[in-house]
Number of protein chains: 2
Amino acid sequence: MEGDLALIQEILAMNYKMLEASGFHLCEVEMINQRFSEMFFAGGNGSDQEGLGELSFPALTVFVPLLSPTEDQDLLLAAAYVSDAQYNRNVPFETSPQAIRLYYFYNHWAMQAATYFFICVDLSLALFEEPALFPLPFLVTSIAEVLCLTAFFGRLVHFAKVTPQMVFWKDTKNICIMVTIVLTLVDLIVYGILEALNVYGIRWSRALRPVFLINFPESRQIRRAFRSIRNTLPDVLYVFLLFIFSVGTFSLMALKLFGDRGLKTVEGSPYFTNILDIAFELYVLVTTANSPDVMMPAYEFNWWYSLYFITYIIINTYIFMSVFLAVVYNNYRKHLKNEIRTLAYLKRRKMIEAFNILKVKVGTESVVKEAQWRRLVKVVAPDISSSHLELLLRILDEGQKGHVDKVNFLRLPDLLNIQVITINVKRHPLEAWMPRVYQSVFVWAYDVIILINAIFIALDEKNPFISYAEWLFLSLYIIEILLKLYTYEPRAYFGRKQFWNWFDTLIIIAALVATVANTTIQSARKYNSQQILDIVLILRILRLLRVIVSIQRFRVIVTTLINIGPTMLTFGGLVLVVYYVFAIIGMEAFHGRVHFFGPNSTSPDALTCGNSALRDSAFARGKYCRNNFNDLGSSLILLVELTVVNHFILLANGFALVTHQVAKLYFIGFHIVVVILIVNIFIAFILEAFFVAYSLEKSEVETAIEKKIQELGVGVQEEKVQDGRLIENMDAKDSGFIEDNKKEDLKGLYFRIASKKYRTVDALLQQMFESEIAPEEEGPSLEEILNFSPADIYPKNPSFENSA
Amino acid sequence: MEGDLALIQEILAMNYKMLEASGFHLCEVEMINQRFSEMFFAGGNGSDQEGLGELSFPALTVFVPLLSPTEDQDLLLAAAYVSDAQYNRNVPFETSPQAIRLYYFYNHWAMQAATYFFICVDLSLALFEEPALFPLPFLVTSIAEVLCLTAFFGRLVHFAKVTPQMVFWKDTKNICIMVTIVLTLVDLIVYGILEALNVYGIRWSRALRPVFLINFPESRQIRRAFRSIRNTLPDVLYVFLLFIFSVGTFSLMALKLFGDRGLKTVEGSPYFTNILDIAFELYVLVTTANSPDVMMPAYEFNWWYSLYFITYIIINTYIFMSVFLAVVYNNYRKHLKNEIRTLAYLKRRKMIEAFNILKVKVGTESVVKEAQWRRLVKVVAPDISSSHLELLLRILDEGQKGHVDKVNFLRLPDLLNIQVITINVKRHPLEAWMPRVYQSVFVWAYDVIILINAIFIALDEKNPFISYAEWLFLSLYIIEILLKLYTYEPRAYFGRKQFWNWFDTLIIIAALVATVANTTIQSARKYNSQQILDIVLILRILRLLRVIVSIQRFRVIVTTLINIGPTMLTFGGLVLVVYYVFAIIGMEAFHGRVHFFGPNSTSPDALTCGNSALRDSAFARGKYCRNNFNDLGSSLILLVELTVVNHFILLANGFALVTHQVAKLYFIGFHIVVVILIVNIFIAFILEAFFVAYSLEKSEVETAIEKKIQELGVGVQEEKVQDGRLIENMDAKDSGFIEDNKKEDLKGLYFRIASKKYRTVDALLQQMFESEIAPEEEGPSLEEILNFSPADIYPKNPSFENSA
């Protein structure tokens, strides 16, 4: 450890310069150096083995007694680094034994699940607070909120114990959480007092609740999406100003061209006489929501005037909206690349740190001994099978020299992220019996069965013959699953990444349960339970997906969609945060202004949504009373409708009528944030993901492991990549088997890589840019990493803030 | 010439194999080889100097007498190759002197203008034919059409004389034109007879008219856009089928979920009871045109059902539409790259051919003598200034060896495409007088004047003080232009690429003329001419653009938009073709079904648009009668409205009511073609153009010419590229001057590169991919070009069909 001191000093000095050159604030530079020091000077401290949390890593307890205390302490620390590298966690943790123990506990899935549980509870409180979907007394919701706040505070204290004090206090995320906790408590108390005095108060702190979702270290993805938006803002702003200028210029023209014509809109009000109204109408025309109504009066007056609107639409709706997408996409790519690159560097640093802890000298070379390496992997991945472990060792220690060198050691986290499935070689019973028939008949037969089933579904299910047929289909599906279970063994069949097997089984079992339940209820009470019937129906129709997936060309698209599904959930989180804030503001501003009197109400108020300001308005005539801000559910659905944009102007006008014209700003603001920014980032993400999917080649690490599997003769042939596209091995039924197992020691074992499915969102993102950062990844030495120019390594908004 | 024979034989054999390997049909391969042979065996034929068309290249006559007949013939042929390379023309022409003369004539701008004129006349005939905007007798339009057809036939005959017979007859474009001419004549005769017999006939051949626009060699851009679409189709088709499957599955679910509930729509009709209606409504929901109306009945019944619609919108509207964009964009890039690469190879081949014609041996090296090179350039660019020619020679003959070698010779077309402006060095009179004041005050003063002017415009122009102020502003603008003209000399100020100078001058002159005209009319007749006032007003407001452009950050965006303007016109052509076909079909199907009775009609029929089928329909209630297919103008405007998509369902339902439900297919077809394909290609194009603009670096050739200009000390400093972005030198007022003219022979001349503006659309596209094909471009030898793997060079749909 001591020998590296000079080098580390040098590196720190270089770091300092480098970071300063790239425009960091001094305190940030110090903070980062602090973190580097933590990393480099970690390990070698006195060890304290007792009190190791069994809950946090039960597998560890098996190994710990075998090690000397110091060795054990080192191993735990190294394992923590490797594990962080594997999962791309970037929390700088204290290296005292106590802190490492706490750090393992901090990363335990149960703790993370608990945090998310409390975040969910906190966010869903809006359902029970006034204006409530399910009203609860203020006392109940406030106690629940205080409970959540306590949990958040506890989590924060836990984090403070894990991370160095200086890092903790300089991290804005932690400050944010603490300030929000205090503000929420203050608001709760003030509101409680006002409530007791029967004074009207606003629970404004409710809009702050998403802060918890954003700021806990687990929500890295959502923070990254927010950073994407923030980084995009400057460029978007310039385009936006230009766009506003364009709308303003066109408004001025419209006022001069149409203002004095005495034209009337369809509703009989004066047409284009007020510049603010014109600007709003033209802004809405960009959303296309009032086309062609907005141009009809001018068009009817003289058809040449339609050219004005067509020019406007081409420039503002088509060109400017495309430019927004271009700017957002361009920035998205640029910043994403920088972030992923930084992540790759941090990962590399962690692995070098782990290596330095475990290394021993063999000849002139620093290496990690085989035994030590085995112990490390067992700690990092407690449930790894011994054959899988052997396979990894064979890959990293190619010459079977009994140790792993530095270059190979650094590949460990990538290898661990590749899922290798151990499969057996039993044939399908039908395949063994008549192989050709199996391929051509059995596999297709079930597609045909599903299609026939679809036709039956389309027919009337009240016909008893058809409802009996459903039992036949169900049993056929169950037979198929049982056959497959027999062939592939339950463990392989229900592998973690066997999406379609899980899909099949869940749908069939759910359909079975629901059908049985429904039949029981029906026969027992002569009552047709609609909810259960609905569920059964949807499950039956979802089976049709199986047919689509069995067609090669569709599989590429569907698989890409499923692969990017988890990251799409990130956008779900992002959208949820924005929707939540807008919903809370909307509820405070508009609740109770519009009432819904039920679908078949004959009350005269139903025609005006209970608000006389809406008399004869398009809002009331369109029967839009159900679209209101009277509770969280309705608000969120209304916001979805606003995202879709159509009838945007009708909704905005409706709520402006029942409050004030200023209310339109709320709707314009929502449009800018959600439609111009978030939807464009979403489209940019899908574009990028599809480009990667269309051109994805196996990553270098995967190729290495595959080569090894083939070399060892224990592989199973994968479907080949055709047309340069990624073809997923969706289902074990598609792969042919190779049975030439020459090597003795791994005999009887067959491996298959299941890793073209991405294990984590980060892995997908890293894969996206892997080809571009591959050269750096190949250069393993610390000096090389530090030799890159600062601008290359450090984005303007570094992901370091990501890590603490 | 003879010495290369063996090499050429070998190349032809290689070509043959190469093309076969890449899946060409044999006849195509032969055709291409035929063209290669034409190219390689051209030149050295007997010459025939007389009868050289003076109209086609007047500058040539100056030089021809100085040359010996054979030399002259060779020079003409070489110049034709260089000119084709410069403008990316790929017409294989006969090399007989007669054919070359015809070829020069064929490429003359007057001939091309005449062709486009007749195409415009032919297309605009639809304005005068029944259903007509301006009715003309059938005899008049049919005579005009026959005239156009004759012109097209003449152009085709001209082309046949230029190009080898075999190439001509194998080109589908020529066949297409001939077949269309014949079909149109047949249709004209049949319709004429039916007309005479008073029988109702359909002028179906009118939908074929865009064939002429597409198929003449000049419309390369539009054909390329069409090829983009065709190449994209297979991939889009798979996504589309998946999408249709998804819509179908959701329709089935909707039928089962909502069909039996007895729900009613806002209009009181049954809700979601027929699977076809549901499928149509759900398809329209993808366009967002019926959101949220389509979900309101279900949402009012039970708010859980809104989840069904939200799921549908997320999957089909957001994800599938993004996937469409991703697939279209991906294919667009891929095929564009291939086409541009092929173009680059063809250009290279033409230049090698030209070199082989003119080359002489100097030592071991084949070169082109300086005198010959000068003659060549003078033929290719007759109006090149002698200083510009010297500059080019200095660049290509760096060692001043008196000849140009092969590598440098091949750079000629790129150099010719770079516009170099010769400018003088006078300072602005105000700048010379007080330099600092000029920079800080004068330039900004006019921005302030424009802004004040804008405020005046926003105020009421009927106030006499304000209308007098307009005269003051006009004179201020004229003074500015005169000052600039004095400073930069008219020739430099009105340079071909000085967009903003032209813009300023045109707007001011037009405003001056219009204001004078209006004042004259007003005082003479006390009559306020509305049309002139409108024009004056729009011109005044357009001046505001100047302010925006003077701000650096906005300039990048505006300049990119202006640069891609010409290519956007390609999309204009594409859209025009599609609109025209749909408009003709729409007019045949729907004309006269809906009537418009004027904006203030009190006729009872006005409420139903003159068709009782529309009684109480949303179409009539929305006062959409003006949206009809009763003439070409109305049809095109209606199609624009359909492209914008909003109220799509209202329009589709309206026309379905007056005809048949099948009419909805017309609208769905239009949506698929225009919104899903063309709009997405348009967005893809803008995305790509912006990415290039954001990362564009000067091309290698430009850097060379700039370096030379600097070396010779006759350069003018350009604005630097900042932030890695392209900053256009919009206006001479921004550039500082360097006055160190060391060299004697070019003294007093200052050059400025005006070439970051793209001269042709092809140049922009080539620039887009220049960085990617640069390595190939550096390899100058024929062998190297032919050594690339066929897959790299030849796209599946090669642009060779482009060339004939």
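Quick note on labels: first sequence line is chain A, next is B, and so on, each numbered from 1.
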Next item on the list: Output the option from A/Leu650, A/Leu542, A/Asn627, A/Val679 having the highest count of non-hydrogen pairs under 4.5 Å with chain B.
Entry: A/Asn627
Notebook entry, point to check: Any side-chain heavy-atom pair from B/Ile686 and A/Leu325 closer than 4.5 angstrom?
Noted result: no
Notebook entry, point to check: Side chain, backbone, both or neither: which part of B/Met296 has an atom under 4.5 Å from a heavy atom of chain A?
Noted result: side chain
Notebook entry, point to check: Considering only heavy atoms from C-beta outward, does the side chain of B/Val644 approach that of A/Tyr318 to under 4.5 Å?
Noted result: yes
Item checked: Gap separating the OH atom of A/Tyr624 from the CD atom of B/Glu300, nearest 0.5 angstrom -> 10.5 Å
Notebook entry, point to check: Do the side chains of A/Met321 and B/Ile683 get nearer than 4.5 Å, heavy atoms only?
Noted result: no
Note to self: Looking at chain A, which one of B/Leu242, B/Leu241, B/Leu638, B/Val645 has the largest number of heavy-atom pairs inside 4.5 Å, strictly under?
What the structure shows: B/Leu242
Notebook entry, point to check: Do any of residues 285-294 of chain B have a heavy atom less than 4.5 Å from a heavy atom of chain A, and if so, which, in residue order?
Noted result: B/Thr288, B/Ala289, B/Asn290, B/Ser291, B/Pro292, B/Asp293
Item checked: Most contacts with chain B, counted as non-hydrogen pairs under 4.5 angstrom, among A/Leu263, A/Leu255, A/Leu651, A/Leu252 -> A/Leu252
Next item on the list: Decide if atom OH of A/Tyr238 counts as having more than 12 heavy atoms of other residues, nucleotides or ligands within a radius under 6.0 Å.
Entry: no
Check: Could you give the distance from CD1 (B/Ile314) to CZ (A/Phe682), rounded to the nearest 0.5 Å?
Finding: 8.0 Å
Note to self: In the structure I gave you, are the side-chain heavy atoms of A/Glu641 and B/Tyr299 within less than 4.5 Å of one another anywhere?
What the structure shows: yes
Check: What part of B/Ser246 gets closer than 4.5 Å to chain A, counting heavy atoms only: side chain, backbone, both or neither?
Finding: neither
Note to self: Could you check whether any side-chain heavy atom of B/Ile313 comes within less than 4.5 Å of a side-chain heavy atom of A/Thr643, counting everything from C-beta outward?
What the structure shows: no
Next item on the list: Between chain A and each of B/Ile275, B/Ile319, B/Thr317, count heavy-atom pairs under 4.5 Å; write down the option with the most.
Entry: B/Ile319
Next item on the list: First locate atom CG of A/Leu307, then atom CD1 of B/Ile637, and finally report the distance between them rounded to the nearest 0.5 Å.
Entry: 6.5 Å
